[in-house]
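For reference, positions follow the sequence shown, starting with 1. Fair warning: this is a prediction, and the values are worked out from it, not measured in the lab.
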Amino acid sequence: MTERRHTRKFVRTFFTSPTAVEGEDDSAKMIRRAAQLRGMEAPDVWVPDNEDATAPSMRDEGAQNIIDVVSEHGADFPGEIHPRVVWHRDSPTTRHQGFQRMLEMADPDHGAVDHLDGFVIPEVGGIDDWKKADEFFQIIEAEHGLEEGSLAMSVIIESGAAELAMRKLRDEMGKPDNTLERLFLLVDGEVDYTKDMRAITPTGGLPPWPELRHNTSRGASAAGCIAVDGPYDDIRDVEGYHERMTDNQAKGMTGIWSLTPGQVVEANKSPLPPAEGSWLLEADGREVELTTEDGVEVYEGDRVSLEETADGYVLTVGSDEQHLDEDELADELLDMLSYVPSMDDIVDSMEEFEAAKEAGRGAIAITRAATVRIDGIEVEVSNDRMWDEATYQAVQTPITLFQDVYEHRPDQHEDLAELYSEDVVERATNVGN
């Protein structure tokens with residue numbers, strides 16, 4: 001596994017705030033409010049955004065606002081702070097502006113740098129452009145007497161050139177002529193990426209770009225960085241936001257851009273194991289969550305029906321009808337069912353495997369059973385899953401994420417105990433160590 005060079009192993013939330021709002025008595029009100037977020041409303045990474053979210057005429061004031069707000073509130077902010085500055089692969093003038101503002105924000109005399117974890121660089125191009133940004137970081141650290149590599153660099157993948165650069169990153173990092181080990185987050189910027197690719201959709205909306213998200217996750221994994229998806233700008237579409245995060249997590253991308261504290265809450269909770277386990281039934285092309293009633297898993301839809309006959313059962317899924325005996329019915333339903341384990345389930349299974357391994361056994365079978373009711377007819381189903389060391393390590397990922405959150409976000413301890421119970425939290429923090 002590629003070495004992770006930063007304190008955080010996982011980042012769930014990347015929250016941007018305008019650094020200066022024109023026409024307000026306090027132009028810093030948005031970042032001042034963000035700096036005081038706590039608990040599940042506070043992101044893992046907060047990004048005072050002195051680029052797209054702030055008007056060009058306000059960016060000098062925005063840089064000063066970052067200094068003022070971070071100096072005042074940075075010590076108490078529970079996540080990491082990474083301001084976003086201007087940059088562009090094709091504009092030396094823009095790159096110089098970004099450099100000057102980073103230099104100003106990182107000046108120890110201004111009181112903010114002790115609470116700044118790094119900077120976010122947008123609009124990068126090929127790998128040589130990434131090295132230009134890295135060299136500016138080196139100059140800033142040398143100018144202000146900061147330890148080399150102490151400022152992390154995150155980049156936003158907003159062009160085909162940047163996407164291709166990720167393929168070269170693993171070979172470039174660690175060479176004596178750069179300090180690219182400082183790279184922390186690789187963040188997708190689908191809006192500008194769409195523009196750079198000259199993509200067209202019938203509605204004018206953004207393509208989903210699953211290839212970009214896969215490539216960014218792969219590039220981050222290979223280089224020891226963390227992958228973050230771009231903004232989901234329909235802030236009222238909570239279901240769509242969840243679907244996007246679920247799809248990302250299957251690609252190894254646990255982080256996502258958040259535009260509101262409400263999205264932060266959803267994104268902070270999404271990759272954590274659920275508090276309650278649930279059974280899902282594949283019902284004519286759609287997964288349906290079963291309802292638990294007195295220990296029985298009940299299907300309440302109309303896409304699947306079950307009828308008992310004199311010599312067995314008739315199972316109908318959509319227009320497909322099957323005549324089955326009792327064992328065949330149990331097998332067919334088992335193929336249609338899947339189980340989403342709770343945090344308690346995962347910890348139980350890991351503890352059981354650890355105990356077996358301690359006793360000298362390399363593999364064990366863990367049984368999952370349920371009683372399923374369809375149209376009033378109850379069917380017992382069960383299956384055995386073989387657990388070995390590889391299974392254990394694969395299942396451990398959500399627990400490792402939870403432990404990373406618990407270690408670095410003490411402001412969320414109360415929320416986690418309320419979600420899972422203190423007993424489950426204690427066991428989850430200890431298992432696998």
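- Between Glu297 and Thr292, the side chains place a donor N or O and an acceptor N or O closer than 3.5 Å (distance only, hydrogens not considered).
- Using a 4.0 Å cut-off between charged nitrogen and carboxylate oxygen, Asp134 and Arg182 count as a salt-bridge pair.
- The salt bridge (charged side-chain N to carboxylate O under 4.0 Å, His left out) test applied to Lys251 returns Asp247, not counting sequence neighbours.
- For the side chain to side chain contact (heavy atoms under 4.5 Å, CB included) test with Val45, the passing option among Leu185, Ile81, Thr13, Val120 is Leu185; the others fail.
- Distance alone, capped at 3.5 Å, is enough to place a donor-acceptor pair between the Ser71 side chain and the His110 backbone.
- Between the side chains of Glu407 and Gln403, not a single donor N or O lies within less than 3.5 Å of an accepting N or O.
- Counting heavy atoms of neighbouring residues, nucleotides and ligands inside a 6.0 Å radius, atom CZ of Arg167 does not exceed 12 of them.
- Relative ring orientation between Tyr339 and Trp279 is described as tilted, the plane-to-plane angle lying within the 30° to 60° band.
- The residues Arg427 and Asp344 are annotated as salt-bridged, a charged nitrogen and a carboxylate oxygen being separated by less than 4.0 angstrom.
- Salt bridge annotation for Asp196-Arg89: present, with a cationic side-chain nitrogen under 4.0 angstrom from a carboxylate oxygen.
- A salt bridge links Asp60 and Arg101; the closest N-O separation between the charged side-chain nitrogens and carboxylate oxygens is under 4.0 Å.
- Heavy-atom contacts from other residues, nucleotides or ligands closer than 6.0 Å to CD of Glu24 number more than 12.
- Scanning for side chain to side chain donor-acceptor pair (under 3.5 Å) contacts around Asp237 gives Tyr232, with sequence neighbours left out.
- Using modelled atom types, one finds a donor on one side chain and an acceptor on the other under 3.5 Å when comparing Gln249 with Ser270.
- Taking each heavy atom of Ala363 and Phe353 in turn, the nearest pair found is CA-CE1, 4.5 Å.
- Between the side chains of Asn50 and Thr19, at least one donor N or O lies within less than 3.5 Å of an accepting N or O.
- Shown here is Glu22, whose CD atom has no more than 12 heavy atoms of other residues, nucleotides or ligands within 6.0 Å.
- Here the closest heavy-atom approach between residue Met105 and residue Leu116 is recorded as O-CD1, 3.8 Å.
- For the pair Val11 and Arg8, the tightest heavy-atom approach, listed with the atom from each and the gap, is CG2-CB, 4.5 Å.
- More than 12 heavy atoms of other residues, nucleotides or ligands lie within 6.0 Å of CD in Gln393, so this atom counts as buried by the packing criterion.
- Within a 6.0 Å sphere centred on CD of Glu276, other residues, nucleotides and ligands contribute 12 heavy atoms or fewer.
- Between Asp415 and Lys269 there is no salt bridge, since none of the side-chain N atoms of the basic residue sits less than 4.0 Å from a carboxylate O of the acidic one.
- The two residues Ser349 and Ile366 come nearest to each other via the heavy atoms CB-CD1, 3.8 Å.
- Asp192 has a carboxylate O that lies under 4.0 Å from a charged side-chain N of Lys195, or vice versa, which qualifies the two as a salt bridge.
- Atoms CG and OH, from Leu206 and Tyr193 in turn, are 12.5 Å apart once rounded to the nearest 0.5 Å.
- Counting heavy atoms from C-beta on, the side chains of Asp26 and Arg32 come closer than 4.5 Å.
- Using modelled atom types and a 3.5 Å distance limit, the side chains of Asp68 and Gln64 yield a donor-acceptor pair.
- Of all heavy-atom pairs spanning Ala42 and Leu37, the tightest one is CB-O, 3.4 Å.
- Not less than 6.0 angstrom separates the ring centroid of Phe119 from the ring centroid of Trp87.
- Between Asp44 and Arg12 there is a salt bridge, since a side-chain N of the basic residue sits under 4.0 Å from a carboxylate O of the acidic one.
- With sequence neighbours excluded, the residues that form a ring-ring contact (aromatic ring centres under 6.0 Å, His included) with His82 are Phe184.
- The nearest pair of heavy atoms linking Met173 to Leu180 is CE-O, 3.3 Å.
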